[in-house]
Amino acid sequence: MSAANTHYNGKDFAEWQKEWALEDRYNFRTIEKKWQKIWEDEKVYRAEVDKNKEKFYLLVEFPYPSGVGLHVGHPRSYTALDAVARKKRMQGYNVLYPMGFDAFGLPAENYAVKTGIHPAVSTKQNIANYKRQLKSLGFSFDWDRCIETCDPEYYKWTQWMFLKFFEKGLAYKAKIPINWCPSCKVGLANEEVVDGKCERCGAEVERKDKEQWMIAITKYADRLIDDLDELNFIDRVKTQQINWIGRSQGAELDFDFADEKLRVFTTRPDTAFGVTYMVMAPEHPFVAKYMDRFENKDEVWAYVAEAAKKSDLQRTAGDEKTGVELKGIKARNPYNGQMIPVFISDYVLTGYGTGAIMAVPAHDQRDYDFAKAFNLPIVQVLEGGDISQQAWEEDGAHINSEFLNGMNKEDGMRAAIDYAVKNGFGQAKVNFKLRDWVFSRQRYWGEPIPMVYCEHCGWQPLPESELPLELPEVTDFLPNDDGSSPLAKATDWVNTVCPKCGGKARRETDVMPNWAGSSWYFLRYCDPHNDKEFASKEALDYWMNVDWYNGGMEHTTLHLLYSRFWHKFLYDCGCVSTKEPYKKRTSHGMILAANGEKMSKSRGNVVNPDEIVENFGADTFRLYEMFIGPFDQAAMWSEESLMGVYRFVGKIYSLFKKVSKSKPTEKDLRAMHKCILEVDERIETMKFNTAVSSLMTYVNYLSSMDEIPQEMYEVLLKILSPFAPHIAEEMWARLGYDKTIVNEKWPEGDRKLAEDNVVTLAVQICGKMRGTIEMPKDSPKEEVEKKALQLENVARQIEGCNIKKIIVVPNRIVNIVV
RNA sequence: GCGGGCGUGGUGAAAUUGGUAGACACGUCAGACUUAGGAUCUGAUGGCGCAAGUCAUGGGGGUUCAAGUCCCUUCGCCCGCACCA
């Protein structure tokens, strides 16, 4: 055995073999620690650019290193893609499978408020703990590429990218009503509000006008939808993103109102002859502007004030429509010249479209409800339904619509828009539900926004040479009551000079949201130590795109959407050469406690991965997480089932004693090739639970043998190694190999050898099972029929019956119809 | 309300996509063994029946030689979006 270039660190192989001879029991503790150290010392999983090899980039969402440590849910997806990574490596791919830490965020800051420990310190400790835990599970991450988003060497480039957004006009500061969490004292993006509540703490979100940095993600709305077509994302993800972006095509139309035009957005301009009134949002600028001309001014005021007090949640709570007519001013329908009343009502949203609508109660249920409540006329303009009962929202030929009469929807839409264009009161328009990304957070533990405000020059970007703009030291991490960031208190840091005129200036004190760093981390993995650029073109061109990205469904409209957008922006800047970052996106299900509840500290039902590793070993843990159930579905933790997997691993260990120089029979080879083919396919299709079943079936087969041909055991170790790398590596070494199994060639399953030459066919009479017959594979139909009819059971049952026909499904079934 | 998914033994689940329902495990029962180890091994295990059989994939109906799988209908659960004009 050559000591050099082997994975034994110079230790004498014979010495090890002596040790092994003494070990009768499966001692996972020593085995696993030993191999983890060897893998790490010899950098077995290191990924380098190698243009002669085809690359494969696998990505799992990097964790936020919380104080409680790794959750048993994390390893589910890490193990799954680790299995894929290991298999791909054995198949000759140059695999990049990196890991890092999404390390900025609120919990570290809250912890600092409570304990006074600086977020940088607690984060560092947490990362060390996470690393230890991840390493104890034997993942094949290239730890040399580990990144941390809170590292100035990393966030330097996050800031650099922000400056790009600013340079291209996509980052802008605006005073807009934002979602404000009164408990976290922080503004939230729309994506972070769930059911009107703060995604993080559950407090009801308020509306607050605040100056915020915004990023114009809406400019990419069309592309974010259209480019999904080419991607291999699971459908759930695609449809959720499409729904979230919410594209609707229609038209903007101007109605005359007082001395100006009241503009509305509608998806059905062809129903304009059915408009019987209009509605503006209470916040619509015309309401305040024309207040003095309304005859019922007091009533209008009261309604506006009432609406302002309500949260979004309260406004959408009731089913009943409320509102007030703006008496004294009527609007004029440009299609037919009709004068119609105008209302304000909070069922019209200020943030969508133009904040005003034309109401067509006959064909929109919401308008219908409002019309009924306020006794307004309902004019049907599309055929169908029963307007006396409810609005007719389906299609139908146009009626009562002058030049549109008789047309279908498509023609009617075109004609209505043409007419509006010709007469100068409207045009086609596409609208989105997606809002621009609120990018400011009034917090400490995030990337400082590299902008400076000068009285004379306005907002100025920091020059690139001043990056990274590091976080200043502060002692008080509490957000201020006025809603400003803790950074505002670091006056030395805040007061600076204008990069343009050199005059007095102040730094931006808000920081970026925690979604910033994760929006481009997959690019940094390609070239993590580069201090000249965020990643070299060479590295990016070689490694990108990510071939397979797995992560949680909860990030579909957050991280996944943001990072696709961010990447597209970098593409437009010429910084990356692919339009999309991820080729394939899959998603794992949650791991729940044994009773089906979510694991949480407060419920006291959290399973600690450390304990599982300590008591059963990493291999058992990994195999169990794969075996627990379908990968994309929620699964319940069960220690009993874990024991079953533990037994399985122990069995593999003890089978070693039976390995011999004997030759496999045809039947043995069949079992072996069947298993190879199944495991291979089931890894690719993410059916990890049944892949493990296949391995179990094969191990059961081996157990029943008196002697196990070495070839059969070696194949087992190879196809087992993606799931249980430690024991595979250990037994591989014990077979006498002095090179790691990691780079062994993945076995090829032979379909011919895997096929049975004798098949069992079910014999049915009128579809009911009556028995089985064994036949050579692909026996001619006649023989099958003959043998089936000879079956005692069959002969007895069909006695005295007419055989109508016999259906033979080759190698499967004989069905005798009487 | 709209969109997506699901419903199979005592339990977690399989089922080559229309072809022997319950693979693989857990649990349970019976037996063997003992270097007492979260032991191991062997066998049984959907219900009813001594058996031949028969009933079983949420319920009802249909298509088919054949349905967990396709169609209609109904009930129940989960997830996402939600007054988006």
Side-chain angles (χ1 to χ4, degrees), chain A residues 24-25 194-196 235-240 242-244 246-248 250 264-268 271 279 312 315-319 321 345-349 351-360 363-367 369-370 393 431-435 553-554 556-557 589 594 615-616 624 627-630 632-648 650-651 654 678 681 687 689-700 703 760-772 793 796-797 804-818:
Chain A
D24 196 39
R25 269 188 59 215
V194 178
D195 291 336
D235 288 340
R236 273 195 297 169
V237 170
K238 283 193 187 184
T239 46
Q240 269 188 39
I242 291 167
N243 291 343
W244 184 261
R247 175 160 62 189
S248 3
V264 299
F265 172 72
T266 175
T267 52
R268 293 304 297 269
T271 61
V279 189
D312 279 1
R315 281 171 71 151
T316 56
D319 283 339
K321 298 274 181 286
S345 171
D346 62 9
Y347 86 91
V348 173
L349 308 171
Y352 184 76
T354 62
I357 61 152
M358 59 176 221
V360 186
H363 305 292
D364 182 292
Q365 193 58 44
R366 295 157 302 177
D367 297 346
D369 294 342
F370 189 87
E393 296 184 331
N431 248 321
F432 298 95
K433 282 197 240 177
L434 184 72
R435 309 283 80 190
M553 279 307 289
E554 70 274 20
T556 302
T557 52
N615 294 329
F616 302 98
Y624 174 62
F627 188 61
I628 194 168
D632 58 352
Q633 281 169 39
M636 280 177 279
W637 186 265
S638 151
E639 190 139 319
E640 277 102 26
S641 295
L642 179 84
M643 275 308 297
V645 176
Y646 179 71
R647 282 182 207 132
F648 165 67
K651 226 186 259 184
S654 57
E678 281 179 4
E681 190 197 316
K687 295 184 171 176
N689 53 332
T690 51
V692 176
S693 299
S694 299
L695 288 167
M696 286 173 166
T697 306
Y698 183 52
V699 164
N700 288 345
S703 301
T760 309
L761 289 95
V763 181
Q764 301 179 332
I765 298 174
C766 294
K768 294 233 185 248
M769 250 281 283
R770 295 298 160 186
T772 57
N793 217 1
R796 196 180 64 239
Q797 297 232 6
K804 272 200 206 147
K805 61 177 165 178
I806 302 180
I807 292 158
V808 178
V809 182
N811 303 322
R812 280 194 195 284
I813 261 180
V814 189
N815 193 6
I816 301 160
V817 187
V818 295

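Just so it is clear, the values below take in all heavy atoms, side chains as well, and ignore hydrogens, waters and symmetry mates. Throughout, a chain's letter reflects where its sequence line sits, starting with A, and its residues are numbered from 1. Quantities reported herein were computed from a predicted structural model and do not represent experimental measurements.
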Requested in this report: With RNA chain B as reference, determine whether Val817(A) or Ser703(A) sits nearer its 5' end, using the nearest nucleotide of each.
Outcome: Ser703(A)
Report task. Mind checking Asn431(A) for me? I need base, sugar-phosphate or nothing, with any heavy atom below 4.0 Å counting as a touch. Result -> nothing
Requested in this report: Report the distance from atom NZ of Lys433(A) to atom P of G80(B), rounded to the nearest whole Å.
Outcome: 15 Å
Query raised in the report: What string of B, S and - do you get for nucleotides 29-34 of chain B 5' to 3' if you count protein non-hydrogen atoms under 4.0 Å?
Result: ------
Query raised in the report: Over how many whole Å does the gap from Phe616(A) atom CZ to G38(B) atom P extend?
Result: 10 Å
Query raised in the report: What distance, rounded to whole Å, do you find between the two P atoms, one in U11(B) and one in G27(B)?
Result: 15 Å
Requested in this report: Dump the intermediate steps for side chain to side chain contact (heavy atoms under 4.5 Å, CB included) on Ile357(A) and Asp367(A), then the final yes or no.
Outcome: CA-CA 10 Å; Ile357(A) 61 152; Asp367(A) 297 346; 3.6 Å; yes
Query raised in the report: When you look at Gln240(A) and Asn243(A), which way does the side chain to side chain contact (heavy atoms under 4.5 Å, CB included) test go after all the steps?
Result: CA-CA 5 Å; Gln240(A) 269 188 39; Asn243(A) 291 343; 5.7 Å; no
**Report entry** side-chain hydrogen bond (donor to acceptor under 3.5 Å, both in side chains) against Trp637(A), all qualifying residues, sequence neighbours excluded
**Finding:** none
Query raised in the report: Taking atom P of C78(B) as reference, at what distance in whole Å does atom CE of Met553(A) sit?
Result: 18 Å
Could you pull out every donor-acceptor pair under 3.5 Å between side chains of residues 810-818 of chain A and any protein atom, sequence neighbours left out?
residue	atom	partner	partner atom	Å
Asn811(A)	OD1	Asp778(A)	N	2.9
Asn811(A)	ND2	Asp778(A)	OD1	2.9
Asn815(A)	OD1	Cys766(A)	N	3.3
Asn815(A)	OD1	Gly767(A)	N	2.9

Report task. In whole angstrom, give the distance that lies between atom NZ of Lys651(A) and atom C1' of A25(B). Result -> 10 Å
Query - Contacts of type ring-ring contact (aromatic ring centres under 6.0 Å, His included), residue Phe648(A), not counting sequence neighbours - result: none
Query raised in the report: Taking the C1' atom of each, how far is G38(B) from A52(B), in whole Å?
Result: 46 Å
Query raised in the report: When the C1' atoms of G7(B) and G53(B) are considered, how many whole Å apart are they?
Result: 30 Å
Requested in this report: Nearest whole angstrom, please: distance from the C1' of G38(B) to the OH of Tyr646(A).
Outcome: 8 Å
Report task. From the options A85(B), A25(B), C26(B), select the nucleotide whose nearest atom is closest to the side chain of Met696(A). Result -> A25(B)
Requested in this report: Take nucleotides 1-22 of chain B nucleotide by nucleotide from the 5' end and write B, S or -, depending on whether a protein heavy atom sits under 4.0 Å from the base, only from the sugar-phosphate, or from neither.
Outcome: -----------BSS-B--BB--
Report task. With C1' as the reference atom in both, quote the distance from A67(B) to U8(B) in angstrom, rounded to an integer. Result -> 14 Å
Report summary line: Glycosidic torsion of G9(B) (syn if within 90° of 0, anti otherwise) classifies it as syn
Query raised in the report: Atom CD1 of Ile242(A) and atom P of G80(B): how far apart are they, to the nearest Å?
Result: 18 Å
Requested in this report: Consider the side chain of Arg647(A), meaning its heavy atoms from C-beta on, and name the nucleotide among U54(B), U40(B), A25(B) that approaches it most closely.
Outcome: U40(B)
Report task. Remember a base hit wins even if backbone is also touched, and classify Arg435(A) as base, sugar-phosphate or nothing at under 4.0 Å, heavy atoms. Result -> nothing
Query raised in the report: Can U64(B) be described as syn, meaning its chi torsion is within 90° of 0, or is it anti?
Result: anti
Query raised in the report: If you look at every strand shown and take non-hydrogen atoms under 4.0 Å, does Glu681(A) touch a base, only sugar-phosphate, or nothing?
Result: nothing
Query raised in the report: In terms of the nearest nucleotide of RNA chain B, which residue is placed more toward the 5' end: Val645(A) or Lys768(A)?
Result: Val645(A)
Report summary line: Rounded to whole Å, CD1 of Ile816(A) lies from P of C65(B) at a distance of 16 Å
If you restrict it to nitrogen or oxygen atoms, what contacts under 3.5 Å exist between nucleotides 43-48 of chain B and the protein, and what is each distance?
none

Query raised in the report: Looking at the side chain of Ser693(A), which of A23(B), A25(B), A85(B) is the nearest nucleotide?
Result: A23(B)
Requested in this report: Using a heavy-atom cut-off of under 4.0 Å over every strand shown, decide if Gly644(A) touches base, sugar-phosphate, or nothing.
Outcome: sugar-phosphate
Report summary line: Picking from A85(B), U40(B), C65(B), the nucleotide nearest the side-chain atoms of Lys805(A) would be C65(B)
Query - base_contact_polar (C65(B) base, Lys804(A) side chain, donor-acceptor, <3.5 Å) - result: no
Report task. Describe the nucleic acid contact of Val692(A) in one word from base, sugar-phosphate, nothing, applying a heavy-atom distance below 4.0 Å. Result -> nothing
Query - Verdict with supporting geometry, Asn700(A) and Lys651(A), side chain to side chain contact (heavy atoms under 4.5 Å, CB included) - result: CA-CA 9 Å; Asn700(A) 288 345; Lys651(A) 226 186 259 184; 3.1 Å; yes
Report task. Please report, rounded to the nearest Å, how far the C1' atom of U40(B) is from the CE atom of Met643(A). Result -> 12 Å
Report task. Quote, to the nearest angstrom, the C1' distance that separates G76(B) from G58(B). Result -> 7 Å
Report task. Report the distance from atom CE of Met636(A) to atom OG of Ser641(A), rounding to the nearest 0.5 Å. Result -> 10.0 Å
Report task. Determine the interatomic distance between C1' on C6(B) and the same-named atom on G12(B); round to the nearest Å. Result -> 16 Å
Query - Euclidean distance for C1', A23(B) against G9(B) (whole angstrom) - result: 14 Å
Report task. Describe the nucleic acid contact of Lys238(A) in one word from base, sugar-phosphate, nothing, applying a heavy-atom distance below 4.0 Å. Result -> nothing
Query raised in the report: If the P atom of G22(B) is compared with that of G46(B), how far apart are they to the nearest Å?
Result: 9 Å
Query raised in the report: Within 45° of the six-membered ring axis of Phe370(A) and under 6.0 Å from that ring's centre, is NZ or CZ of Lys321(A) located there?
Result: no
Query raised in the report: Name the one of Phe627(A), Tyr624(A), Phe616(A) that satisfies ring pair (Phe, Tyr, Trp, His ring centres under 6.0 Å) with Tyr646(A)?
Result: Phe616(A)
